[in-house]
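Reading through the structure tokens given below for one structure.
None of the values given here were measured: they were computed from a predicted structure. Ligands are counted one by one from 1 in listed order, and the atoms in each one are counted from 1 as well.
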Amino acid sequence: MFELDKLTGEIKVKGVVDYEENESYELDIEASDKGTPPLAGECRVIIKIKDVNDNPPEIEVTSLSNTVSEDSKPGTVISLISVTDKDSGGNGKIISQILNDVPFELKPSYKENIFSVVTKGVLDREQVSHYDITIKATDCGEPPLSSVKTLSIQISDVNDNSPHFQHTPLEFYLFYLIENNVAGNSIFSVSATDKDVNENAAVSYHIVRGRSENDVTSFLNMNSENGDILALKSFDFETLKTFQFQVVATDSGTPSLSSNVTVNVFILDQNDNAPVILYPVSSNGSAEGVEEIPRNVNAGHLVTKVRAYDADIGYNGWLLFSLQEVTDHSLFGLDRYTGQIRTLRSFTETDEAQHKLVILVKDNGNVSLSATATVIVKVVEPKEAFAASDVKSATMDEEDYNVTFYLMITLGSVSTLFLISIIVLIAMQCSKSTDYTSKYLQEPNYDGTLCHSIQYRSGEKRYMLVGPRMSVGSTIVPGSHANTLMLPDRRTAGEVRHFSDYPHRFRVACSSGMF
Ligand code: CA
Ligand code: CA
Ligand code: CA
Ligand code: CA
Ligand code: CA
Ligand code: CA
């Protein structure tokens, strides 16, 4: 390590000295003269090595769990590390820290320079599933030396999320189903997602069954894997207009979590009922009747009123009357809307005593259905007719009562559906504010006169405004949905897709007299 100059006595460093290997050296030095005999003297030189900071700290991982459960409590130990520095004093004094922003911290342990890495906050695998913890150890030398070590930690899943149904913007599902659906087919589908992974996110579905036998859910079947709902029967709008049920989505975690959702179904009308003639009806049940009127009546005399009923709703149940067959066109006129038959002029001597009128009653469905009634008008001398009219007015009163009763039922159903739709609409509007750059779409194939409907687009939704007749060009205030029904947009698939297949079916007709 050292060399000594023989003549001058200088001691020089020859090899590499290392404080960490040897802190001091002892040299025994002898000096001698050149006399005869030579005389000599001795001394001992002690050389102390001064430490320099030539060793960086060393970080050693003594134990490590690579995966940490996301439900670990703060303070859970995930690793033990030891940090050492071969230097002495300040050069060997170490400051350890975690460099990056992670929910972990270093904690000193029972022994100096041994640290534990512990969880600091709450972990959530659904937000961050993996962490790299960078630990840096720096000594206090001048200049300081440091080293870095990275721990890789995987966060393991815990079943802490329930399945979530995708039915925004509503809090429930809203489906429209055209009546007379094919039994056994899938009518709509629900879907829930789960933020967890694997088993904890494997969702299955079931319908909450009612207790009673007639519960509507007994006519529904659910594919537990994909959320498809099948109708086991064909629904009839005239029997059932709306129903709701609950669907539960459950994950396969242990323990499993579940959530449920309400499914609201509106059945939409199809024109599957032909008009039924309520008056006239003959004793054998056919729609035929005989009316007797005095020969001396003036033009405009009410001969009779044909009454009919249609079980469908809206256009499908809106009836128009027309004369299909009449012996003398100049004598009788029929009101298209009311079914009233009136004389057009006074009778003359040359007029026949008996006239046959065949009245066609047609609904306004897309494919319209019809029925016919036959009225035989007998023109009699004034005396006979007077007696006959007494009897007739008594029977007419009863007929009136029946018709009113049917009308009330129809009206009640229409109003209920209308109200429900408005409530749904309001709920939707409350949950989502829309851009009201509306675009009005005039119903193109509309030819009626009692009712007027206008479709318009507002944001992502289509609406149809239904109201009493108004002239084309009337002003509609965008954003005012007071008397609108919502039409799901054809472009958006999903929960309303079955409806959008038949958008022309969903109409509510009304006459100003009804509402
Ligand atoms: Ca050092
Ligand atoms: Ca050193
Ligand atoms: Ca889950
Ligand atoms: Ca989880
Ligand atoms: Ca129907
Ligand atoms: Ca009909």
More than 12 non-hydrogen atoms from neighbouring residues, nucleotides or ligands closer than 6.0 Å to NZ on Lys107, yes or no?
no

What atom name does the N, O or S atom of Glu70 nearest to the Ca ion (ligand 4) carry?
OE2

Mind reading off the angle at the Ca ion (ligand 1) between the O atom of Asn55 and the OD1 atom of Asp85, rounded to 10°?
80°

Test of geometry: compute the angle O(Val158)-the Ca ion (ligand 4)-OE1(Glu126) and round it to 10°.
150°

Quick one: report the N, O or S atom of Glu179 that is nearest to the Ca ion (ligand 5).
OE2

Which atom name would you report as the N, O or S atom of Asp272 nearest the Ca ion (ligand 5)?
OD1

Could you tell me whether the Ca ion (ligand 4) has an N, O or S atom of Arg125 under 3.0 Å away?
no

Heteroatom of Glu238 nearest to the Ca ion (ligand 5) (N, O or S, atom name)
OE2

Can you tell me which N/O/S atom of Asp160 has the shortest distance to the Ca ion (ligand 4)?
OD1

Is any N, O or S atom of Asp124 under 3.0 Å away from the Ca ion (ligand 4)?
no

Audit row: Phe188, Tyr173, ring-ring contact (aromatic ring centres under 6.0 Å, His included) steps and yes/no:
CA-CA 10 Å; Phe188 28 70; Tyr173 278 102; 8.8 Å; no

Among Val122, Asp160, Val128, side-chain contact (heavy atoms from CB on, under 4.5 Å) partner for Glu70:
Asp160

Under 3.0 Å from the Ca ion (ligand 5) - does any N, O or S atom of Asp269 fall there?
yes

Restricting to N/O/S, name the atom of Asp157 that gets closest to the Ca ion (ligand 4).
OD1

Which atom name would you report as the N, O or S atom of Asp312 nearest the Ca ion (ligand 5)?
OD1

If you count heavy atoms of other groups shown closer than 6.0 angstrom to CG of Asn284, is the number above 12?
yes

Give me the ring orientation class for Tyr25 and Phe2: parallel if the planes are under 30° apart, tilted from 30 to 60°, perpendicular past 60°.
perpendicular

Whether Asn180 has an N, O or S atom under 3.0 Å from the Ca ion (ligand 5)
no

Could you pull out the closest heavy-atom pair between Asp335 and Tyr337, with the gap in Å?
OD1-N, 2.8 Å

NZ of Lys241: more than 12 outside heavy atoms within 6.0 angstrom?
yes

Taking Glu225's backbone N and O only, do any of them form a donor-acceptor pair with Asn223's side chain (distance below 3.5 Å, no angle check)?
yes

Hey, what's the angle at the Ca ion (ligand 1) spanning OD1 (Asn53) and OD2 (Asp139), nearest 10 degrees?
70°

Tell me the closest heavy-atom pair linking Asp51 and Ser88, and the distance in Å.
OD2-N, 3.0 Å

For the Ca ion (ligand 4), find the closest N/O/S atom on Asp196 and give its atom name.
OD1

Going by atom types alone, do Asp87 and Asn55 pair a side-chain donor with an acceptor below 3.5 Å?
yes

I'd like to know: is the Ca ion (ligand 1) within the 3.0 Å range of an N/O/S atom from Asp87, strictly under that distance?
yes

